[in-house]
There are 2 protein chains.
Amino acid sequence: MNKKITITDLAELLGTTPGTVSRALNNHPAISDAMKKKVHALADKMHYKRNQIASSLRLGKSYTIGVLIPSADINFFGSVVHGIESVANENGYRTLLFQTNEGYKSEMEGLEALLSAHVDGVLVSIAKETKDYGHFTAARDIGMPLVFFDRAKEGLDISSVVIDDFNGAFLATEHLIEQGFKKIAHIAGQQHIKAFHDRFNGYKAALKKHKLPFKKQWIFDGDVSINSGKQAIDHFFKQKERPDAVFAVEDYSALGALKELKNRKVPVPQEFGVFGFANELFAEHLTPSLSSVDQQTVMMGKEAMSLLLSIIDAKKGQPACKSIILNPLLYTRESSQRLSNHQSI
Amino acid sequence: MNKKITITDLAELLGTTPGTVSRALNNHPAISDAMKKKVHALADKMHYKRNQIASSLRLGKSYTIGVLIPSADINFFGSVVHGIESVANENGYRTLLFQTNEGYKSEMEGLEALLSAHVDGVLVSIAKETKDYGHFTAARDIGMPLVFFDRAKEGLDISSVVIDDFNGAFLATEHLIEQGFKKIAHIAGQQHIKAFHDRFNGYKAALKKHKLPFKKQWIFDGDVSINSGKQAIDHFFKQKERPDAVFAVEDYSALGALKELKNRKVPVPQEFGVFGFANELFAEHLTPSLSSVDQQTVMMGKEAMSLLLSIIDAKKGQPACKSIILNPLLYTRESSQRLSNHQSI
DNA sequence: TTGAAAGCGCTAACAC
DNA sequence: GTGTTAGCGCTTTCAA
């Protein structure tokens with residue numbers, strides 16, 4: 001087992017000094033080409049790897065970005081992380097992922113861990129459980145560059161990249177209306193999460209624009225799960241006046257609704273339309289395939305990372321808190337489309 | 001923007017020395033309780049965070065584990081990472097994720113990056129593209145603890161945690177046979193990947209045990225994608241003698257097969273059975289739901305991480321290359337079950 | 001163009 | 001129980 005080899009080792013072997021080796025490896029302009037060539041050759045031969053830890057300590061920069069996500073399980077976040085990493089790697093940064101599992105305590109610990117790792121910045125998608133944001137403002141106050149993505153909190157003077165949830169919900173609901181559905185229900189998410197709240201508002205706005213009735217009984221307060229989708233259908237079908245379509249706050253609820261509708265042998269979309277949100281991987285593979293709002297996940301990751309880099313680079317310049325709002329994309333599939341071309345599968 | 005606060009700052013404020021502060025923070029037994037209390041109180045008050053970088057440099061240990069995965073997109077890996085992180089966090093380790101996107105070059109760069117980050121060990125699931133393993137043996141040779149999970153390569157003297165692919169495939173095929181299917185085809189994966197090769201062999205062994213015919217025309221060489229599943233069905237249905245069921249090397253191929261069968265209006269499972277492998281999230285949500293072999297993902301992650309920790313701790317002791325083989329679990333669902341209880345959805 | 005030397009923040013062996 | 005000191009590997013100012 002070879003021990004780790006350092007610039008000092010290289011310097012000794014070459015009869016020069018660590019300083020010179022360091023400069024040669026970093027292509028410092030004041031070093032002769034001959035020396036650079038010698039150093040690089042030996043470094044390769046000895047499989048020298050720069051000790052990033054020592055380098056980071058000296059430079060006061062870790063070239064590492066922390067990412068706090070609720071769960072790497074969900075396709076959505078996996079996809080955003082793809083976007084994040086592509087931009088990060090292009091710019092010589094690494095990413096340190098931390099999963100909060102939607103927990104508040106876990107989120108605080110994660111942030112703590114990232115700060116302790118002296119990351120150069122943090123990207124975070126807020127956990128569902130979180131209702132207090134002190135840990136974020138504290139991080140901001142000690143000058144840690146921070147950007148929220150997807151799940152953001154306003155009023156904290158922290159930059160964010162989100163999609164236009166209001167508009168996505170509005171368009172999805174409007175699509176259902178255009179397909180001839182007239183009694184449209186909504187499976188809601190936890191309202192303290194801005195995205196879910198905005199989607200609720202977008203839904204209401206679409207109803208209003210088209211002069212369709214909004215009924216309290218047609219709103220089901222779910223918790224973003226397959227189960228709450230099932231319960232929602234149960235609930236709706238108990239009403240004297242049943243809805244004929246539902247816009248679900250995200251795809252798992254929509255999936256639960258589809259399952260329960262299938263269970264009750266209600267034909268979708270002929271007698272009941274369903275629209276989801278998130279465009280999870282499974283949406284297009286269901287039968288009927290699930291219409292959903294795509295959140296531009298990869299682009300969201302890229303934008304968030306780019307924004308974070310700009311904050312890191314500016315630093316002393318303008319911190320200028322910035323909100324980027326991406327446009328959602330409608331994927332209309334079988335579950336909502338009853339007028340024209342039903343493409344199978 | 002407060003500047004970062006260090007133990008030296010704390011020491012000055014307390015009229016003591018950095019050494020004492022360090023010991024107090026680390027709960028060194030030789031430090032008085034009074035001093036510990038004072039130090040901890042001030043540290044809290046000043047929001048002191050230990051500089052892990054400096055600590056790592058000094059200790060020659062980063063308490064970070066590198067994880068090389070083909071893609072965080074795929075549910076399978078997300079789930080394994082869950083298992084990895086739970087054990088890692090319990091033991092005071094962090095994880096640094098690196099996605100290879102199935103690429104050989106990307107895998108080498110990733111490993112390089114992890115070595116440079118001076119991680120204490122690396123968990124890797126080999127990229128599909130990889131056919132040369134020199135980067136792994138090189139890492140092993142410089143004493144970097146290494147454990148393969150899921151996609152392993154034998155004969156490198158590197159520990160691994162995999163599931164029993166042979167047995168999983170054997171059981172799945174046998175299940176199809178028990179359901180009365182007699183002409184069972186196989187959608188194969190790239191055969192240089194051991195897992196896929198083993199599954200092929202398990203399939204053949206089950207046929208042999210039950211004295212069913214093995215036909216070359218009933219093997220489709222796919223590339224693990226929805227598309228190759230579709231092409232496989234195309235291929236099978238061109239044969240003079242058509243198969244009546246298929247065991248697919250993994251779920252995406254199985255999904256493609258299901259889609260193409262639906263397209264051709266072939267009733268599944270009545271006229272054609274389908275069995276997948278991996279138990280991806282979507283499998284249970286398809287119509288018909290897809291039978292699949294579950295790979296014990298979370299347990300795989302936990303086992304791999306535990307094994308890696310034991311290697312890190314042993315270090316000079318016996319490196320004792322160890323192979324852990326987990327047992328797969330069969331999830332029989334609608335796509336293969338034509339004898340008894342079809343539970344709907 | 002290169003060498004010498006200091007220091008990033010932390011820890012631990014050695015003193016007292 | 002606490003202070004002193006050296007050093008992890010790297011970068012960079014200053015000097016030559």
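A, B, ... follow the sequence lines: proteins, then strands. Residue 1 opens every chain.
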note = Rounded to whole Å, CG of B:D9 lies from C1' of C:dC8 at a distance of 13 Å

task = Side chain of A:T16 only, please: which of C:dT2, D:dG1, C:dG9 is the nearest?
result = C:dT2

task = Would you indicate whether A:M108, at its atom CE, is surrounded by more than 12 heavy atoms from other residues, nucleotides or ligands within a distance under 6.0 Å?
result = yes

task = Give the rounded distance in Å between these two atoms: NZ of A:K38 and P of C:dT2.
result = 8 Å

message = Regarding A:K322 and A:E303, does a basic nitrogen lie under 4.0 Å from an acidic carboxylate oxygen?
response = no

ask   = Do any pairs count as a salt bridge (Lys or Arg N to Asp or Glu O under 4.0 Å) and have a residue in residues 106-116 of chain A, sequence neighbours left out, and if so which ones?
value = A:K105-A:E109, A:E112-B:K49

N/O donor-acceptor pairs under 3.5 Å from side chains in residues 14-23 of chain B, not counting sequence neighbours:
{"unit_1": "B:T17", "atom_1": "OG1", "unit_2": "B:T20", "atom_2": "OG1", "d": "3.2"}
{"unit_1": "B:R23", "atom_1": "NE", "unit_2": "B:G19", "atom_2": "O", "d": "3.4"}

key: Over 12 foreign heavy atoms within 6.0 Å of NZ, B:K131   = no

remark   = Under a 4.0 Å heavy-atom criterion, the protein footprint on nucleotides 10-16 of chain D, written with B, S and -, is BBBB---

message = Measuring from the side chain of B:A30 (C-beta onward, heavy atoms only), which nucleotide among C:dC8, D:dG1, C:dA4 has the closest atom?
response = D:dG1

key: Nucleotide C:dG3, atom P - distance to CG of A:L14 in whole Å   = 10 Å

ask   = Do B:R94 and B:T64 get their side chains close enough for a donor-acceptor pair, meaning under 3.5 Å?
value = yes

query = Is the distance from OP1 or OP2 of D:dC8 to the nearest side-chain N or O of B:S56 less than 4.0 Å?
reply = no

key: Rounded distance in Å - CE (A:M35) to P (C:dT2)   = 5 Å

